[in-house]
Amino acid sequence: MITIGLTTWTEHPALIGGEDRPVKLTEYAGHLPLVELDTPFYGLPRETTLANWQASVPAGFQFILKANQVMTTHGQREHPVDFEERAATFARYKTLMQPLWRAHQLRTVLFQFPPYFNRTTANIQYLREMRTWMGDLPIAVEFRSPSWFATPGMTQDVLAYLQSLRMTNVTTDEPHNLNDGIPLVETVTTPELAVIRLHGRNAQGWFNQGANWRKTRTLYKYSEEELQTLAALVRRVAAHAQDVCVIFNNNSGRDAAPNALRLQQILDLHWTNLAPQQLDLF
């Protein structure tokens, strides 16, 4: 199965006819069967918040949730986190995810590492510790440092290691050069799931970390030709994975939803687990 989703549900006016207001989760779920949320990265949500999310979507709707920043080592070069705090964060996170996991609505937990999470012996070992702490919960890994894919041989070693840990390597489309970003590595390291994340190709916005960096880094609209090429990529990956989740993150200009809906058309996808749209009620 191929599913397509966006990052968050509130910021996609194309799903509600261009209205200038936040999109509701119930409205989002009428168009797409999957969403990625970064809320847990900044702070672990309350159990009631997770329950409200579940109550707002059909039974088959899927969530990809980011791991907390303590779990991904963000900011810890300047402010190290001790073992006890990290272990406690993993334990709390794992407990919070259980209702979604039992309901088959947690597609995976996304560990998006910072650019300075390089391929070192300590970080390779940390991936193994992550698997121990997370137990049977699904893990998807997105590296930001090119050191993990410096050579073809090294790439194969990294992918084999992730496969041994039952971790999904995220196929990422983003600007990259020798010192920043990662290349698009078309992979399937877990046969049950492949994840493709599309950040856009705005190299100027991506690499120039000025005052407006966060607003411009994903300012990109995929062209029809690019979407056709991405559709071919998705089909190739789908030949080797039971499920493929495609996430559009190119939303600084509100282009993610239109691009996602067009990719759905190209791939001729029809999902049966969507919420009723407002017009369907009459």
Side-chain angles (χ1 to χ4, degrees), residues 3-43 45-46 48-58 60-66 105 107 110 112 172-175 196-206 208-228 230-231 245-267 269-282:
T3 54
I4 300 174
L6 311 172
T7 50
T8 77
W9 62 75
T10 60
E11 301 175 353
H12 307 287
L15 299 181
I16 53 173
E19 293 184 47
D20 186 18
R21 62 172 177 81
V23 180
K24 300 176 183 177
L25 178 54
T26 51
E27 295 170 322
Y28 176 101
H31 296 272
L32 297 168
L34 169 74
V35 71
E36 177 191 300
L37 297 178
D38 64 359
T39 305
F41 175 82
Y42 299 100
R46 298 178 180 178
T48 53
T49 299
L50 290 168
N52 288 337
W53 293 347
Q54 284 186 278
S56 300
V57 297
F61 189 89
Q62 299 284 294
F63 293 90
I64 294 177
L65 297 181
K66 278 192 176 182
Q105 291 184 299
R107 200 62 198 89
L110 173 63
Q112 186 182 46
T172 308
D173 186 52
E174 67 181 38
I196 300 172
R197 299 186 76 236
L198 308 173
H199 300 294
R201 301 172 181 179
N202 180 1
Q204 182 176 0
W206 190 267
N208 298 327
Q209 298 189 17
N212 295 321
W213 177 68
R214 294 192 178 278
K215 294 182 179 180
T216 60
R217 64 192 301 265
T218 61
L219 182 60
Y220 192 80
K221 181 179 182 179
Y222 284 98
S223 68
E224 177 67 18
E225 181 180 1
E226 289 169 332
L227 290 172
Q228 293 285 348
L230 289 171
C245 294
V246 183
I247 295 293
F248 280 86
N249 186 42
N250 57 317
N251 204 48
S252 290
R254 302 297 184 258
D255 294 309
N259 277 170
L261 296 176
R262 177 55 187 148
L263 183 64
Q264 178 190 358
Q265 292 176 335
I266 296 171
L267 293 170
L269 299 176
H270 304 276
W271 301 296
T272 59
N273 58 332
L274 299 179
Q277 295 185 25
Q278 190 67 29
L279 291 178
D280 295 339
L281 300 178
F282 298 94

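Position 1 is the first residue of the sequence, and the numbers go up from there. Everything numeric here is computed off the predicted structure, so don't read it as measured data. As a basis for the values below, the full set of heavy atoms in this structure was taken, side chains included, without hydrogen atoms, waters or symmetry mates.
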Worksheet item: How about Gln204 and Asn202: do any of their side-chain heavy atoms sit closer than 4.5 Å?
Response: yes
Worksheet item: Short question: side chain of Tyr28, backbone of Leu6 - any donor-acceptor pair under 3.5 Å?
Response: yes
Worksheet item: Only one of Ile247, Asn251, Thr172 forms a side chain to side chain contact (heavy atoms under 4.5 Å, CB included) with His199, so which one is it?
Response: Thr172
Practice prompt. Give, for atom CZ of Arg201 and atom OH of Tyr222, the distance between the pair rounded to the nearest 0.5 Å.
Written response: 5.5 Å
Worksheet item: Does any donor atom in the side chain of Thr7 or Asn249 lie under 3.5 Å from an acceptor atom in the other side chain?
Response: yes
Discussion item. Is the shortest side-chain heavy-atom distance between Leu110 and Arg197 below 4.5 Å?
Written reply: yes
Item to complete: Check the surroundings of atom CD in Glu225: do more than 12 heavy atoms from other residues, nucleotides or ligands lie under 6.0 Å from it?
Response: no
Discussion item. Test side-chain contact (heavy atoms from CB on, under 4.5 Å) on Asn273 and Val57; report intermediate values, then the result.
Written reply: CA-CA 9 Å; Asn273 58 332; Val57 297; over 6 Å; no
Fill in: Nearest-0.5 Å distance that lies between atom CD1 in Ile266 and atom CD in Gln228
4.0 Å
Discussion item. Ignoring hydrogens, what is the shortest heavy-atom contact between Pro22 and Glu27? Give both atom names and the distance.
Written reply: O-OE1, 4.4 Å
Discussion item. I want to check something: taking the side chain as every heavy atom from C-beta on, are Leu50 and Phe63 in contact at a cut-off of under 4.5 Å?
Written reply: no
Discussion item. As an exercise, state the distance from CG of Leu25 to CH2 of Trp9, rounded to the nearest 0.5 Å.
Written reply: 4.5 Å
Item to complete: Please check if atom CD in Glu224 has more than 12 non-hydrogen atoms from other residues, nucleotides or ligands closer than 6.0 Å.
Response: yes
Discussion item. Donor-acceptor pair, distance only, cut-off 3.5 Å: does the side chain of Gln62 make one with the backbone of Leu34?
Written reply: no
Worksheet item: Is there a donor-acceptor pair closer than 3.5 Å between any side-chain N or O of Gln105 and the backbone N or O of Pro58?
Response: yes
Worksheet item: Measuring from Leu274:CG to Leu32:CG, what's the distance to the nearest 0.5 Å?
Response: 7.5 Å
Worksheet item: Does atom CZ of Arg21 have more than 12 heavy-atom neighbours from other groups under 6.0 Å away?
Response: yes
Worksheet item: Between Gly200 and Tyr220, what is the shortest heavy-atom contact and its length?
Response: CA-CD2, 3.6 Å
Practice prompt. Any chance you could measure Arg107, atom CZ, to Ile64, atom CD1, to the nearest 0.5 Å?
Written response: 8.0 Å
Worksheet item: How far does OG1 of Thr218 sit from CG of Asp255, to the nearest 0.5 angstrom?
Response: 9.5 Å
Worksheet, complete the sentence: Minimal heavy-atom distance between Ala260 and Ile4, with the atoms involved, is CB-CG2, 3.7 Å
Discussion item. Please find the pair of heavy atoms, one from His12 and one from Thr8, that lie closest to each other, and give the distance.
Written reply: NE2-O, 3.1 Å
Practice prompt. Identify the heavy atoms of Glu11 and Arg254 that sit nearest to each other, and give their distance.
Written response: O-CD, 3.0 Å
Worksheet item: Residues two or more places apart in sequence or in another chain: which of them pass side chain to side chain contact (heavy atoms under 4.5 Å, CB included) with Pro258?
Response: Ala14
Worksheet entry | Nearest atoms (heavy-atom pairs only) where Val23 meets Pro13 | CG2-N, 4.3 Å
